[in-house]
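Let me give you the structure first, and then I'll get to my questions.
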Amino acid sequence: MNIIFLGAPGAGKGTHAARLKVEKGYPQISTGDMLRRNIAEGTPLGLAAKQYIDEGELVPDEVVIGMVKQRLAEADAQNGFVLDGFPRTVTQAQALDGIARIDVVLNLEVTEDTVLKRLSGRRVCTSCGSVFHTSRLEDETVCPLCGGKLMQRADDKPETILHRLEVYHEQTEPLIEYYDQAGLLINVQVDGDADDNYRDILKVLGI
Ligand code: ADP
Ligand code: ZN
């Protein structure tokens, strides 16, 4: 099954996609993670993307479309995948239509209040990449899984969070209509507890 996770920043796309990968074997194709990896490795693509990401802007369509096209051609993506953070514009969605068949688009619906709480408390492990919320951490600086150093993402600063939400409303929200028209959209309410949300997602997907 080829799945898209749509939703505002902080809706939980990455969290649930990572879990689907571990528990059900669906490759998680996260454009945000791929871009951050390119930045960490100092690739030309990373250098081109860094400023956009730090400022909460979208990376230009042609950059991410090329990246995803390449990724979807890899062997592990031929038997289903979860797209997490792509497409984010109508142009990206149209390009994707020419690259892969999509079976279902889950729109993870969340209130702005939840988004602000989740993103401002988000911490990421610099060693293993796991994501946590400060409300669940004894020590906000140490990864409970691997002992690595926890950091706040540059784009999780309050001003940048608000800007990312604006960008989401303007550029990504139109995709809800786009995929509804295509008959692919299913809405899932994802305020509240992450385990409950995950169970709802499995139920909707029928897996
Ligand atoms: P979140 O969903 O919490 O905003 P992501 O990791 O998905 O986090 O994205 C972080 C940033 O990476 C975005 O703000 C944007 O700058 C860039 N990015 C990720 N995916 C895309 C995309 N499909 N198109 C353009 N920019 C993207
Ligand atoms: Zn870790």
Side-chain angles (χ1 to χ4, degrees), residues 4-18 28-40 45-72 82-96 99 105-108 110 112 114-133 136-175 178 190:
I4 293 175
F5 278 2
L6 208 60
K13 302 183 296 292
T15 302
H16 298 304
Q28 174 189 10
I29 302 183
S30 161
T31 42
D33 287 349
M34 290 162 82
L35 291 166
R36 280 185 291 275
R37 212 174 306 132
N38 274 280
I39 291 173
L45 196 153
L47 289 175
K50 181 170 173 17
Q51 200 176 351
Y52 295 102
I53 295 189
D54 287 351
E55 290 173 4
E57 296 287 342
L58 293 185
V59 174
D61 285 331
E62 60 273 19
V63 175
V64 273
I65 289 169
M67 200 174 70
V68 169
K69 190 169 180 184
Q70 230 175 34
R71 179 65 185 88
L72 287 178
V82 177
L83 277 172
D84 152 21
F86 182 95
R88 247 175 161 95
T89 65
V90 171
T91 303
Q92 292 178 17
Q94 288 166 340
L96 179 62
I99 300 173
V105 178
L106 288 198
N107 178 36
L108 307 184
V110 69
E112 199 141 309
T114 302
V115 165
L116 294 177
K117 274 189 202 132
R118 284 185 186 163
L119 294 185
S120 57
R122 176 157 70 181
R123 296 292 181 275
V124 184
C125 176
T126 51
S127 299
C128 73
S130 299
V131 181
F132 305 94
H133 193 272
R136 298 218 185 171
L137 290 167
E138 266 181 45
D139 182 337
E140 291 185 12
T141 63
V142 181
C143 175
L145 297 182
C146 79
K149 189 165 180 277
L150 295 182
M151 292 276 285
Q152 183 169 41
R153 267 169 48 175
D155 59 345
D156 280 345
K157 290 192 305 265
E159 326 80 84
T160 317
I161 291 174
L162 291 177
H163 185 58
R164 282 159 64 206
L165 282 171
E166 268 170 34
V167 169
Y168 168 76
H169 289 308
E170 279 167 24
Q171 307 210 46
T172 308
E173 225 165 35
L175 293 182
Y178 183 91
V190 290

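Just so we're clear, the structure is a prediction, and the values are computed from it rather than from any experiment. Just follow the structure's listing: the first ligand is 1, and inside any ligand the first atom is 1. Only heavy atoms go into these numbers, but all of them, side chains included; no hydrogens, no water, no symmetry mates.
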Note to self: Show, in sequence, the C-alpha distance, side-chain angles and deciding distance for Asp156 and Arg164, and conclude whether the salt bridge (Lys or Arg N to Asp or Glu O under 4.0 Å) test is met.
What the structure shows: CA-CA 9 Å; Asp156 280 345; Arg164 282 159 64 206; 2.9 Å; yes
Please tabulate, line by line, the atom pairs linking an N/O of ligand 1 to a protein N/O at a distance below 3.5 Å, with the distance in Å to 0.1, or answer 'none'.
from: ligand 1; atom 1: 2 (O); to: Lys13; atom 2: NZ; distance (Å): 3.0
from: ligand 1; atom 1: 2 (O); to: Arg88; atom 2: NH2; distance (Å): 3.3
from: ligand 1; atom 1: 3 (O); to: Arg122; atom 2: NH2; distance (Å): 3.2
from: ligand 1; atom 1: 3 (O); to: Arg164; atom 2: NH2; distance (Å): 2.8
from: ligand 1; atom 1: 4 (O); to: Arg88; atom 2: NH2; distance (Å): 3.0
from: ligand 1; atom 1: 4 (O); to: Arg164; atom 2: NH2; distance (Å): 2.9
from: ligand 1; atom 1: 6 (O); to: Arg36; atom 2: NH1; distance (Å): 2.9
from: ligand 1; atom 1: 6 (O); to: Arg36; atom 2: NH2; distance (Å): 2.9
from: ligand 1; atom 1: 7 (O); to: Arg88; atom 2: NH1; distance (Å): 3.2
from: ligand 1; atom 1: 7 (O); to: Arg88; atom 2: NH2; distance (Å): 3.4
from: ligand 1; atom 1: 8 (O); to: Arg153; atom 2: NH2; distance (Å): 3.1
from: ligand 1; atom 1: 9 (O); to: Arg88; atom 2: NH2; distance (Å): 3.4
from: ligand 1; atom 1: 16 (O); to: Glu57; atom 2: O; distance (Å): 2.5
from: ligand 1; atom 1: 20 (N); to: Thr31; atom 2: OG1; distance (Å): 2.7
from: ligand 1; atom 1: 20 (N); to: Gly85; atom 2: O; distance (Å): 3.3
from: ligand 1; atom 1: 20 (N); to: Arg88; atom 2: NH1; distance (Å): 3.2
from: ligand 1; atom 1: 23 (N); to: Gly85; atom 2: O; distance (Å): 2.9
from: ligand 1; atom 1: 23 (N); to: Gln92; atom 2: OE1; distance (Å): 3.0
from: ligand 1; atom 1: 24 (N); to: Gln92; atom 2: NE2; distance (Å): 2.9
from: ligand 1; atom 1: 26 (N); to: Val59; atom 2: N; distance (Å): 3.0

Item checked: Partner of Met67 under side-chain contact (heavy atoms from CB on, under 4.5 Å), chosen from Ile29, Leu72, Leu45 ->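 The option that passes is Leu45.
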Checklist line | Residues forming a salt bridge (Lys or Arg N to Asp or Glu O under 4.0 Å) with Glu62, sequence neighbours excluded | finding: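 For Glu62, no residue satisfies salt bridge (Lys or Arg N to Asp or Glu O under 4.0 Å) once neighbours in sequence are set aside.
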Acceptor/donor pairs from residues 143-151 side chains to any protein atom, 3.5 angstrom cut, sequence neighbours excluded:
none

Notebook entry, point to check: In this structure, are over 12 heavy atoms from other groups packed under 6.0 Å from Tyr52 atom OH?
Noted result: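 Open: at most 12 neighbouring heavy atoms sit under 6.0 Å from OH of Tyr52.
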Notebook entry, point to check: Side chains of Glu166 and Leu162: does their closest heavy-atom pair fall under 4.5 Å?
Noted result: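 Counting from C-beta outward, Glu166 and Leu162 never come under 4.5 Å.
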Check: Going by chain and residue number, what protein N/O/S atoms come nearer than 2.8 Å to the Zn ion (ligand 2)?
Finding: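 Near the Zn ion (ligand 2), below 2.8 Å, one finds Cys125 SG, Cys128 SG, Cys143 SG, Cys146 SG.
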Margin query: Using a 3.5 Å distance criterion without hydrogens, assess whether the side chain of Thr160 forms a donor-acceptor pair with backbone atoms of Gly56.
Written below: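 No, because the side chain of Thr160 does not come within donor-acceptor range (under 3.5 Å) of the backbone of Gly56.
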Next item on the list: Taking Lys13 for its side chain and Gly7 for its backbone only, find out whether a donor-acceptor pair lies under 3.5 Å.
Entry: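 Pair found, side chain donor or acceptor close to backbone of Gly7.
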Notebook entry, point to check: Do Gln92 side-chain atoms and Arg88 backbone N/O form a donor-acceptor pair below 3.5 Å?
Noted result: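 Yes, the answer is positive, given that a donor and an acceptor are paired below the 3.5 Å cut-off.
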